[in-house]
Amino acid sequence: TFSLVLLIEQNQEISFTFLTFHHSSEAVLFPDWAYKPAWSPGSRQVQLWHFLLELLGRGEGGAISWGGEWGEFIIRDPERLARLWGERKGKPHMNYDKLSRALRYYYNKHILHKTKGKRFTYKFNFSKLILVNYPGFPSSPHRSPISRFMFRK
DNA sequence: CACGGAAAGC
DNA sequence: GCTTTCCGTG
């Protein structure tokens, strides 16, 4: 588990996505700016793990859903998930073979690991999740207009 | 299926 | 830098 401290400045509204887990009393509160794609100029485009959290947070359930363990998720419909991801990225030929290669690149970056022996099952390394910087926080020396969560190495 | 190298795309 | 594409290997 980890705790999150937020510094709220005056008159600032922050939208949150509340991610809950089926078989756990634990939950993660994600500020939307921490992982959702920004639309402002200079924005980076959405990353796959952002997209996965977005679907999981919506509880959409058909293509992907949380598993039994903390941070674990199961891809219920691999080709449908790939199609949704492909639509988001403008890649009409996306499929699970290619999407899963992108997931495997996350292993070395400590974002995900595989739940071995369980088909289509991966696990977020939430214990390595850290907050980089808060948008507009004046004392941050290297502040950028877009703040993010990152997975600590 | 799952893995990871290699190369290309953006 | 983060995939996307392709593919040989277990």
Side-chain angles (χ1 to χ4, degrees), chain A residues 2 4 6 14-19 21-24 27-153:
Chain A
F2 67 96
L4 173 66
L6 287 174
I14 300 176
S15 166
F16 290 93
T17 299
F18 201 29
L19 304 177
F21 295 85
H22 292 75
H23 306 293
S24 169
V28 179
L29 191 60
F30 283 96
D32 288 346
W33 50 258
Y35 70 95
K36 286 198 173 170
W39 18 262
S40 53
S43 66
R44 53 179 105 177
Q45 64 170 354
V46 63
Q47 283 174 246
L48 178 54
W49 68 270
H50 302 159
F51 180 72
L52 297 178
L53 287 180
E54 190 186 312
L55 290 185
L56 289 164
R58 281 216 293 267
E60 188 260 352
I64 185 172
S65 63
W66 290 115
E69 284 184 54
W70 172 239
E72 193 177 77
F73 61 92
I74 302 158
I75 300 171
R76 303 284 180 190
D77 188 339
E79 291 309 326
R80 188 146 87 90
L81 178 67
R83 205 192 64 237
L84 292 170
W85 175 235
E87 283 169 9
R88 176 65 66 92
K89 288 291 291 290
K91 296 284 179 184
H93 302 298
M94 181 54 57
N95 59 28
Y96 180 69
D97 179 58
K98 291 184 273 199
L99 185 149
S100 63
R101 182 67 189 95
L103 294 180
R104 272 176 250 126
Y105 272 124
Y106 283 156
Y107 298 167
N108 279 339
K109 298 161 91 173
H110 301 120
I111 294 173
L112 296 181
H113 64 262
K114 188 79 185 65
T115 301
K116 283 170 185 172
K118 289 188 184 173
R119 212 165 169 239
F120 306 127
T121 302
Y122 302 80
K123 191 172 171 179
F124 274 101
N125 296 320
F126 282 145
S127 63
K128 293 185 184 295
L129 194 61
I130 55 167
L131 187 58
V132 177
N133 62 348
Y134 176 79
F137 188 60
S139 67
S140 175
H142 304 295
R143 66 181 274 260
S144 90
I146 304 164
S147 290
R148 296 289 161 182
F149 281 116
M150 284 186 68
F151 287 86
R152 194 185 337 113
K153 278 277 182 184

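Below, chains carry the letters A, B, ... as their sequence lines are ordered, and counting in each starts from 1. Computed from heavy atoms alone, side chains included, the values below leave out hydrogens, waters and symmetry copies.
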Check your understanding: In residues 103-111 of chain A, which residues come under 4.0 Å of DNA chain C by heavy atom?
Key -> A/Y105, A/Y106, A/K109

Study note, to complete from the structure: With the side chain defined as heavy atoms from C-beta on, A/R101 is closest, among B/dC1, C/dT3, B/dG5, to B/dG5

**Study point:** Distance in angstrom units between A/L52 CG and C/dC2 P, rounded
**Key:** 15 Å

Review point. Across the strands shown, which category fits A/L99 at heavy-atom distances under 4.0 angstrom: base, sugar-phosphate, nothing?
Key: nothing

Exercise for review: Please answer whether the main-chain N or O of A/R119 pairs with a side-chain N or O of A/T121 as donor and acceptor at a distance below 3.5 Å.
Suggested key: yes

Point to revise | Least distance between heavy atoms, A/K123 atom then A/T115 atom | key: CB-OG1, 4.1 Å

Check your understanding: Whole-Å distance between C/dG1 C1' and A/Q47 CD?
Key -> 9 Å

Exercise for review: Determine, stepwise, if the pair A/I64 / A/I74 fulfils side chain to side chain contact (heavy atoms under 4.5 Å, CB included).
Suggested key: CA-CA 6 Å; A/I64 185 172; A/I74 302 158; over 6 Å; no

Check your understanding: Quick one: which of C/dT3, B/dC1, B/dC3 gets closest to the side chain of A/F120?
Key -> B/dC1

Review point. When you measure from the side chain of A/D97, which nucleotide among C/dC7, B/dA2, C/dT4 comes out closest?
Key: C/dC7

Practice item. State the NE2-OH distance between A/H113 and A/Y106, to the nearest 0.5 angstrom. Key: 15.5 Å

Check your understanding: Taking the side chain of A/K98 as its heavy atoms from C-beta onward, which of B/dC3, C/dC6, C/dT3 lies nearest to it?
Key -> C/dC6

Review point. What's the NZ-P distance between A/K116 and B/dC3, to the nearest Å?
Key: 7 Å

Review point. Atom CZ of A/R119 to atom P of B/dA2: distance rounded to whole Å?
Key: 7 Å

Point to revise | Nearest-angstrom distance from the residue atom CG of A/N95 to C1' of C/dC7 | key: 13 Å

